[in-house]
Each structure stands twice: as structure tokens, then as C-alpha cells.
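A quick write-up on the structure given underneath.
Please read these numbers as outputs of a predicted model, since none were measured by experiment.
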Number of protein chains: 2
Amino acid sequence: MDVPIAKNRDVKPEEYAELRRALTLISGKWKLEILWLLYHRPHRFGELLRTINGVTQHMLTRQLRELEADGLVTRTVFAEVPPRVEYGMTDATIALEPAIWALMEWSREFGTPARIAAEAKAARD
Amino acid sequence: MDVPIAKNRDVKPEEYAELRRALTLISGKWKLEILWLLYHRPHRFGELLRTINGVTQHMLTRQLRELEADGLVTRTVFAEVPPRVEYGMTDATIALEPAIWALMEWSREFGTPARIAAEAKAARD
DNA sequence: CGGAATCCGACAAGATACTG
DNA sequence: CAGTATCTTGTCGGATTCCG
């Protein structure tokens with residue numbers, strides 16, 4: 001897969017659309033972090049809230065709702081007291097993992113550009 | 001690659017960071033669209049402006065500058081009248097293509113969730 | 001425990017006008 | 001042609017409060 005796939009062939013407009021749809025699905029400050037945790041095992045709401053550094057209750061709820069609406073997480077409510085809600089993977093989530101993995105490998109290979117290093121520094125301060 | 005990679009293993013914090021770096025690099029409303037065009041062949045500024053539907057001069061310039069700063073596009077200025085500037089790929093861009101391709105395949109396979117369909121409709125109106 | 005509702009600031013993104 | 005500069009608008013995400 002070291003040869004560019006699209007080189008010297010015509011642009012296919014429908015491929016734009018696919019690309020943009022995929023990006024829309026995974027865009028959101030905390031979504032991939034959520035999915036990454038779920039890849040390891042199902043998580044409860046409070047568990048996600050404690051584990052993901054910097055996320056607020058508000059945002060966690062919203063991102064989970066969007067993921068659920070997009071079919072990227074399952075939401076299971078247990079009729080208990082106190083209430084328990086568990087989030088897990090779907091077929092679509094599992095199918096996405098190779099793409100996420102490819103992104104991570106690329107990120108590791110090509111290091112940290114100056115702009116990203118600056119942002120990471122700003123986040124630490 | 002149909003078996004989840006991370007299932008039942010511990011979360012590695014450094015993998016979060018890689019994921020987030022990669023996402024930061026490709027986040028930006030028009031970046032992947034730009035890269036996708038460049039995968040086919042080098043493009044001039046005005047060419048990108050005309051081809052990418054909905055982008056403004058302002059945003060195109062900014063996204064190109066960020067991509068350039070991150071080492072994801074080359075910018076070649078020809079000393080001619082009228083001026084000509086051409087954008088092309090780098091090694092990092094080429095290395096990213098498999099990941100983009102994986103995202104597109106996933107997008108095609110898992111169709112269009114309701115939320116995305118609604119956004120696409122809103123964009124048409 | 002796992003949310004919902006409301007308010008608000010910051011920054012991303014668009015519109016418009018001007019330039020080497 | 002390929003940008004800058006400036007102003008305005010819109011959306012994302014955060015803080016706080018309340019609830020079954």
C-alpha cells in the first residue's frame with residue numbers, strides 16, 4: 001500500500017462525499033477517545049467521565065448521544081437503584097477500528113509537527 | 001483485520017496522544033478535500049478554489065497554510081507574471097493515504113446515519 | 001448515578017474589500 | 001493570480017444549576 005491509490009486518475013465526486021461523511025462522524029473533541037476506551041471493554045458513564053481527562057458531563061453526554069444516533073455506540077440502561085448505564089460497541093464501531101489504527105500508525109511515523117507541539121504545550125499550561 | 005485490536009487489553013495512554021495528534025492534523029473543514037485533490041495531481045490555488053464547493057478564499061488560504069506548516073503539502077511559487085502557485089504532496093501526505101482510504105471504505109460500507117443525512121439536506125437548502 | 005436545562009465565552013468560519 | 005486585512009456571524013464547548 002505504498003503506491004498512491006488515486007494518482008493520475010480522475011477525481012470521483014462521490015468519494016468526496018464519503019470522505020466528508022466519515023469525518024463528520026468522528027469529528028468531535030472527545031469521540032475518538034470514547035471509542036478508543038470502548039474498544040477495550042464496555043464502560044459506564046461515570047467511568048468514562050473519570051477516565052477521559054478534561055471532558056465535562058455536558059460534553060460527554062452530548063458526544064455519547066451523537067455517537068448513539070450515528071450507530072457508533074450502544075447504550076444499555078439497567079433498571080437498578082442506583083441507575084446504571086453502559087456504553088458499548090456496534091458493528092460500525094468495530095469496522096472503524098482499522099481506520100483508526102491506520103491513523104495512529106501514521107501519527108507515530110510522522111512525528112509531531114511544530115503546530116501540534118505548540119498546541120500540546122498550550123494544553124499543558 | 002476483522003478482529004478488534006484493542007479488545008480486552010489495557011488502555012495505553014500514549015495511544016490516546018497519537019490518535020489526538022492525527023486528528024488534529026486532519027481536522028479542518030476542507031483539509032481532507034484538499035489532500036484528496038492533491039492525491040490525483042498537483043493543483044494551483046485558483047484551481048482548488050473553483051473545484052472545492054463552498055470554500056472561501058480566506059479559508060482555503062488558512063487551511064493550506066496550516067497543511068504547509070504541518071508538512072502535509074508543498075507550496076511552490078513560480079516567478080512569473082501572472083503569479084503561479086502550485087500545491088503538491090509530501091512524504092507524509094502519501095503515507096496518510098491508506099488511512100484516508102480506510103475511512104472512505106468504512107463510510108461507504110456503513111451508509112449514512114440519520115444525523116448526517118439531515119446535515120446534507122440542510123447544506124443543500 | 002446519570003443525566004437535562006440554561007447561560008455564556010472563545011474561537012472557527014463567512015463576507016467583503018483591498019493589493020503586490 | 002493569489003493572496004491580506006477587517007469585520008461579522010455561528011458553532012462548539014465549558015460552567016452552573018436542577019432532577020428522577
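For Arg75(A) and dG2(C), the shortest distance from a side-chain N or O to OP1 or OP2 is not below 4.0 Å.
Of the residues in residues 44-58 of chain A, those with a non-hydrogen atom less than 4.0 angstrom from any atom of DNA chain C are Arg44(A), Phe45(A), Gly46(A), Gln57(A), His58(A).
Taken together through direct or relayed side-chain contacts under 4.5 Å among Ile, Leu, Val, Met, Phe, Trp and Tyr, Met89(A) and Phe78(A) form parts of separate hydrophobic clusters.
In this structure, CG of Leu64(A) is placed 14 Å from C1' of dC1(C), rounded to the nearest angstrom. Between the CD atom of Gln63(B) and the P atom of dT4(D) there is a distance of 14 Å, rounded to whole Å. Rounded to an integer number of Å, the gap from Arg84(B) CZ to dG20(C) C1' is 18 Å. To the nearest angstrom, P of dC11(C) lies 11 Å from NZ of Lys29(A). Taking atom CE on Met59(B) and atom P on dT9(D), their separation rounds to 18 Å, with Å as the unit. The interatomic distance linking Leu60(B) (CG) with dC1(D) (P) rounds to 14 Å, in whole Å. The distance between atom CD of Glu80(B) and atom C1' of dA2(D), rounded to the nearest whole Å, is 13 Å. The separation between Arg65(A) atom CZ and dG13(D) atom C1' is 17 Å, rounded to whole Å.
Salt-bridge check for Arg108(B) with Glu15(A): failed, with every basic side-chain N at 4.0 Å or more from each acidic carboxylate O. One finds a salt bridge joining Arg41(B) and Glu47(B) here, because a Lys/Arg side-chain nitrogen approaches an Asp/Glu carboxylate oxygen to under 4.0 Å. The existence of a salt bridge linking Arg20(A) and Glu18(A) is excluded, since no basic side-chain nitrogen approaches an acidic carboxylate oxygen closer than 4.0 Å. A salt bridge is defined here as a Lys NZ or Arg NE, NH1 or NH2 lying under 4.0 Å from an Asp or Glu carboxylate O, and Glu86(A) with Arg84(A) meets this definition.
Aromatic ring orientation, His40(A) versus Trp36(A): perpendicular (interplanar angle above 60°, classes split at 30° and 60°).
Residue whose closest nucleotide on DNA chain D sits further toward the 5' end, between Arg62(A) and Pro83(A): Arg62(A).
Distance CZ/Arg9(A) to OH/Tyr39(B): 12.5 Å, rounded to 0.5 Å.
Put simply, the residue from His43(A), Arg44(A), Arg75(A), Glu68(A) that forms a side-chain hydrogen bond (donor to acceptor under 3.5 Å, both in side chains) with Tyr87(A) is Arg75(A).
Checking dG3(D), dG14(D), dG2(C) against every side-chain atom of Trp30(A), the shortest atom distance belongs to dG14(D).
Across its full length, the helix from dC1(C)-dG20(D) to dG20(C)-dC1(D) shows an angle of 50° between the axes of its 5 terminal pairs at either end, rounded to 10 degrees.
Between Thr90(A) and Val73(A) the shortest heavy-atom distance is CG2-C, 3.7 Å.
Within 4.0 Å of Phe78(A), counting heavy atoms only, lies no atom of the nucleic acid at all.
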